[in-house]
Amino acid sequence: MTENPTALPTPVTAPSATPVAARPLATGAALPPTADVAMPASTDAAQPSTAAGARRVAAGSALPSTGDAAPRVPAGSASPSAADAAAPPARAGSASPSTAGADPAVGEDYLAAADEAGLLHRLDGLVYVAGEYREPLTGVDQCLVEYADPRLLRAAPAFLEALFARFPACAEAIVRVTGADDPHPALTPYLSYLALPVEAVRARDGTRADEPRIVLDEAREHDTAVHDWLCRAMVTAAAGRGLTTRPEAVRAAVDDLVDSPGRRTFVVFAEGHDQPFGHATLCVDAHDDPSGTDFVDLVDILVDDPVLRSTSTAALVRASARLADGLGLPLVGNVCHGLDEAGRSGAVTAALEARGWRRTHQYRQAPRRSAGAVRASQDQEETP
């Protein structure tokens, strides 16, 4: 199984052009729901996830990456794709892309590319796209599922059992799910991607009297601080799921993100100070492979001043939204879910949706042990 050293968990970056868009790398934690137009991305907001993937810190936490994470991160570096793991040539008898063509969540070109790479599979006549993937920051071997027929997701225990049989080296499955669907309790929240509609962006436009100074760091003068913030976000995101990161992998992922030509960073200054105390980092060239969508990826937001965090976060989101609107692209961020979905990350997602954010897709997770365990539990319940 190969590693993609450039991928970050978060939510960072746009999915790669390979058949399976890397998953989001979660770089940071979700933003406080109190912030106006707030986006989940700050490492200070608890419960970030290491999945955000893709190229972004892929994503870190800011409101596919996968991306990563994610899973182009979401988050970062170029989203890792299951296609990066030595994909065999298309096999005779492999599933035909047309079997899923009626699903608006996935494009025919994407399915055809997955088929050609040997990543398109079939279970009981239903199509899914999956491959092995080593999460670069933590070294965890995962089965990344970038598309699965909804009927497979609703029968998750049987689907997971088949996945782990096909990919025996994988310790967990990371599965993409459309919108806000909750197909089965065996698949728990991992990373959610949300888009801010342009109408909401324009409705919140304008500068507030108490707003701190926000500057687009076009000269990349503050890259050292930005690099440190992004590294912190990734480490915090992994810790939120009980994982530790490999320092050299974190640095490599952040280096790739910071050096990316599509990276843009806003920094925020306190009055009378010449050093920023926070940032919003975006990738303006993000692309989601399964849906064929171009977007601006809000990779991470972090504000170090607790007193100014709420107003600064809101101002950074507004600046990011205006940039995306000017490019004619949607602004997409992500929320990295901690192990306790009943906790803060779930509340953040709900608060963002109440403020106009719309969930586009999500990644859900299942450890290898849960496949057989859930099925056994269900069998017991059905036994008189």
Side-chain angles (χ1 to χ4, degrees), residues 15-24 53-54 64-68 70-72 79-133 142-170 172-184 186-187 190-191 193 287-293 360-366 368 371 374-375:
S16 67
T18 49
V20 177
R23 81 168 187 255
S65 165
T66 221
D68 223 181
R72 293 130 344 76
S79 19
S81 153
D84 293 331
R91 295 175 292 279
S94 62
S96 165
S98 62
T99 55
D103 190 337
V106 64
E108 288 284 357
D109 290 345
Y110 172 78
L111 292 173
D115 190 24
E116 184 177 354
L119 298 170
L120 190 71
H121 311 290
R122 179 184 288 148
L123 177 63
D124 296 333
L126 303 176
V127 166
Y128 66 97
V129 176
E132 294 179 333
Y133 169 71
Q142 299 173 330
C143 173
L144 175 61
V145 180
E146 282 285 7
Y147 172 77
D149 188 291
R151 289 166 288 185
L152 292 174
L153 302 180
R154 290 194 291 271
F159 180 43
L160 291 170
E161 191 171 32
L163 279 177
F164 290 128
R166 181 180 287 275
F167 303 106
C170 295
E172 64 180 6
I174 304 297
V175 182
R176 178 168 171 142
V177 177
T178 300
D181 291 350
D182 183 3
H184 195 283
L187 300 170
Y190 187 65
L191 183 69
Y193 281 93
H287 178 80
D288 179 56
D289 287 343
S291 66
T293 303
T360 59
H361 63 283
Q362 56 184 304
Y363 287 88
R364 291 189 163 241
Q365 184 263 5
R368 168 176 289 277
V374 172
R375 166 161 286 207

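Counting only heavy atoms from C-beta outward, the side chains of L144 and Y363 approach each other to under 4.5 Å. Using a 4.5 Å heavy-atom cutoff, the side chains of L126 and F159 are not in contact. For the pair L163 and L123, the minimum side-chain heavy-atom distance is 4.5 Å or more.
Annotation: the span from L187 atom CG to R154 atom CZ amounts to 12.5 Å, rounded to 0.5 Å. Considering OH of Y128 and CG of L153, their distance stands at 12.0 Å, rounded to 0.5 Å. Going from atom CG of D115 over to atom CD of E108 covers 11.0 Å, rounded to the nearest 0.5 Å. Atom CZ of R368 is separated from atom CD of Q142 by 12.5 Å, given to the nearest 0.5 angstrom.
Note on ring orientation: taking the six-membered ring where Trp is involved, the planes of H121 and F167 are perpendicular (angle over 60°, cut-offs 30° and 60°).
Listed by chain and number, the residues in a side-chain hydrogen bond (donor to acceptor under 3.5 Å, both in side chains) with D182 are R364 (sequence neighbours excluded).
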I would like to know whether H361 and T178 meet side chain to side chain contact (heavy atoms under 4.5 Å, CB included); could you show each step before the answer? CA-CA 4 Å; H361 63 283; T178 300; 5.6 Å; no

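In this structure, Q362 contributes its side chain and G179 its backbone to a donor-acceptor pair below 3.5 Å.
The shortest heavy-atom contact between C170 and C143 is SG-N, 3.5 Å.
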